[in-house]
Amino acid sequence: MDDLLAGFAELFAQYDVLAAFWVNIQLTFWAAILSLVLGTVLALMRISPIASLQWAGTAYVTIFRNTPLTIILTFTYLVVFAQLGIALSDDLNATFFWYAVIGLAVYHAAFVCEAIRSGVNTVPVGQAEAARAIGLSFLPAASMVILPQAFRGAIAPLGNTLIALLKNSTVAVAASVANETSSLMRTMIEFRPDLMVAIFLLFAIGYVILVIPIGLTTTWLSTKLAVKR
Amino acid sequence: MDQSTSAAGQPTADEITDAPTSDRALGAPLVELKRVNKHFGALHVLQNIDLTVRKGEVLVVIGPSGSGKSTLCRAINRLETIDDGTIAIDGKELPEEGKALAKLRAEVGMVFQSFNLFAHKTVLDNVTLGPRKVRGMSKKAAEEHARKLLDRVGVGNQAGKMPAQLSGGQQQRVAIARALAMQPKVMLFDEPTSALDPEMINEVLDAMVALAQEGMTMIVVTHEMGFARKAANRVVFMADGQIVEEAPPEEFFTAPKSERARDFLSKILTH
């Protein structure tokens with residue numbers, strides 16, 4: 001036990017562990033916002049009365065939910081950036097960061113869409129009928145009646161998606177984000193193999209500490225905000 | 001059952017012409033259904049329905065479950081599509097799904113069996129949503145109007161509550177206020193008291209009778225014979241997707257002409 005604590009102390013002294021976690025938190029934050037927006041649009045498409053929009057939404061979800069995240073992130077980095085030369089910033093690291101955010105968002109939007117759709121299923125069909133009966137067309141009915149209730153029913157699955165997103169942010173190394181946790185872990189393993197157990201535990205505990213509050217908060221929110229019927 | 005008519009010995013033709021108990025004059029046709037057909041798979045749920053409801057008329061649709069009466073009611077604002085035939089409201093045929101249909105629906109009030117109040121909005125917001133977002137009314141004007149309507153149906157003191165905090169009868173009266181807030185030309189009631197506890201039925205029926213007396217055009221799917229007798233101009237009896245019989249309420253309940261109607265009435269009267 002003392003060895004382990006000493007190992008943690010050495011790792012913290014030698015490497016900026018908190019900075020690495022901070023990168024993952026930022027990746028997660030921006031990707032979460034982007035994927036929530038994109039996922040909401042996709043969910044709207046899938047529940048819309050227009051067949052072509054439904055089809056496009058379904059196609060998107062099918063493609064991105066079934067593609068490994070590593071491939072999506074490698075694609076953004078190797079094809080969109082390296083081949084097509086589309087830089088998002090003059091700073092190379094910032095470009096990698098934002099490509100990783102986009103890749104993560106594009107991937108998780110598919111899961112956000114499905115989470116919201118499961119929330120839509122918690123809203124009785126009579127709510128939509130009542131909205132239509134007072135003369136609201138699809139978009140106003142969706143935005144003022146269906147989605148506000150659907151989001152409350154989708155908090156738990158959205159929380160699960162957020163947890164997955166946070167942990168998946170470590171795959172950003174595939175998009176060459178060099179200063180996040182999994183890159184740091186590799187560096188540590190390379191240079192301090194003597195502290196192997198401490199290294200693994202450090203990152204495992206770090207993510208547990210980040211994830212537990214998300215789980216607790218979403219569980220609490222989903223009961224607090226539940227629509228009473 | 002039919003002793004009153006036979007004892008009176010009056011020619012029945014006279015009774016039919018005098019019969020609409022309400023003394024108000026009916027206006028021009030407001031809702032017109034012509035040869036309306038609808039199938040649910042193999043089930044022919046609406047069969048060649050022809051029906052005209054005039055301005056100011058209160059029509060009660062009655063019939064056994066599965067007779068198509070709810071489908072008929074829901075087809076009038078196109079919550080159910082029809083296979084063929086035409087439905088027109090105030091001379092305008094129901095358009096396809098889209099802006100024009102939304103506009104037309106705004107002029108047709110609908111009250112559902114299960115209330116369907118917006119569960120995440122307060123009573124007041126339920127009533128103001130349509131006027132504000134569809135009619136573009138200001139928040140202040142919409143709330144003023146809504147409070148008047150809530151008072152009128154006797155739930156003015158519940159304006160700040162959420163629907164789940166109200167009893168079924170109160171929720172249904174809010175639903176009536178919500179529909180009235182759009183100032184509809186016609187009100188549709190799809191079994192408005194069927195989901196209510198017995199002691200709450202009258203408070204909803206009273207609100208509906210008051211509405212009828214004010215001259216609102218109403219199409220009411222219900223089994224409440226008291227309401228039909230008090231407020232209806234005409235009763236339409238449906239069975240197996242067809243209109244079997246049409247008559248003024250008193251005549252229909254005391255001397256139904258068809259075997260199907262007699263059979264149905266005997267079942268609901270003996271319980």
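What you see is a predicted model, and the numbers here were worked out from it, not measured in a lab. So that the names make sense, note that chain A is the first sequence line, chain B the second, and so on, each numbered from 1.
Contact of B/Leu104 with chain A is not made at all, since no heavy-atom distance falls under 4.5 Å. Neither the backbone nor the side chain of B/Met162 comes within contact range of chain A; no heavy atom of the residue lies under 4.5 Å from a heavy atom of that chain. Heavy atoms closer than 4.5 Å to chain B are found in the side chain of A/Val227, but not in its backbone. B/Ala119 touches chain A through backbone and side chain together, each having a heavy atom under 4.5 Å away. Contacts of A/Ala141 with chain B are absent, with no heavy-atom separation under 4.5 Å from either backbone or side chain.
The minimum heavy-atom distance linking B/Ala102 with A/Leu136 is given by the pair CB-C, 4.4 Å. Minimum interatomic distance between B/Phe118 and A/Ala130 (heavy atoms only, all atoms of both residues): CE2-CB, 3.8 Å. Taking both residues in full, the closest heavy atoms of A/Ile134 and B/Val134 are given as O-CG2, 3.6 Å, listed atom of the first, atom of the second, then distance.
The residue among A/Val125, A/Val123, A/Val145, A/Leu225 with the most heavy atom pairs within less than 4.5 Å of chain B is A/Val145. The choice from A/Gly135, A/Pro124, A/Ala128 that makes the most heavy-atom pairs within less than 4.5 Å of chain B is A/Gly135. In terms of heavy-atom pairs under 4.5 angstrom with chain A, the leader among B/Pro184, B/Ala106, B/Pro163 is B/Ala106.
With sequence neighbours excluded, no residue forms a ring pair (Phe, Tyr, Trp, His ring centres under 6.0 Å) with A/Phe151.
In this structure, A/Asp90 places its CG atom where only 12 or fewer heavy-atom neighbours from other residues, nucleotides or ligands lie under 6.0 Å away.
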Give me a line-by-line list of donor-acceptor atom pairs from chain A to chain B that are under 3.5 Å apart, or tell me none exist.
from     : atom 1 : to       : atom 2 : distance (Å)
A/Gly126 : O      : B/Asn116 : ND2    : 3.3
A/Gln127 : OE1    : B/Ala119 : N      : 3.3
A/Gln127 : NE2    : B/Leu117 : O      : 2.7
A/Glu129 : OE1    : B/Arg74  : NH1    : 2.9
A/Glu129 : OE2    : B/Arg74  : NH1    : 3.3
A/Glu129 : OE2    : B/Arg74  : NH2    : 2.6
A/Met144 : O      : B/His120 : NE2    : 2.9
A/Gln149 : NE2    : B/His120 : ND1    : 3.2

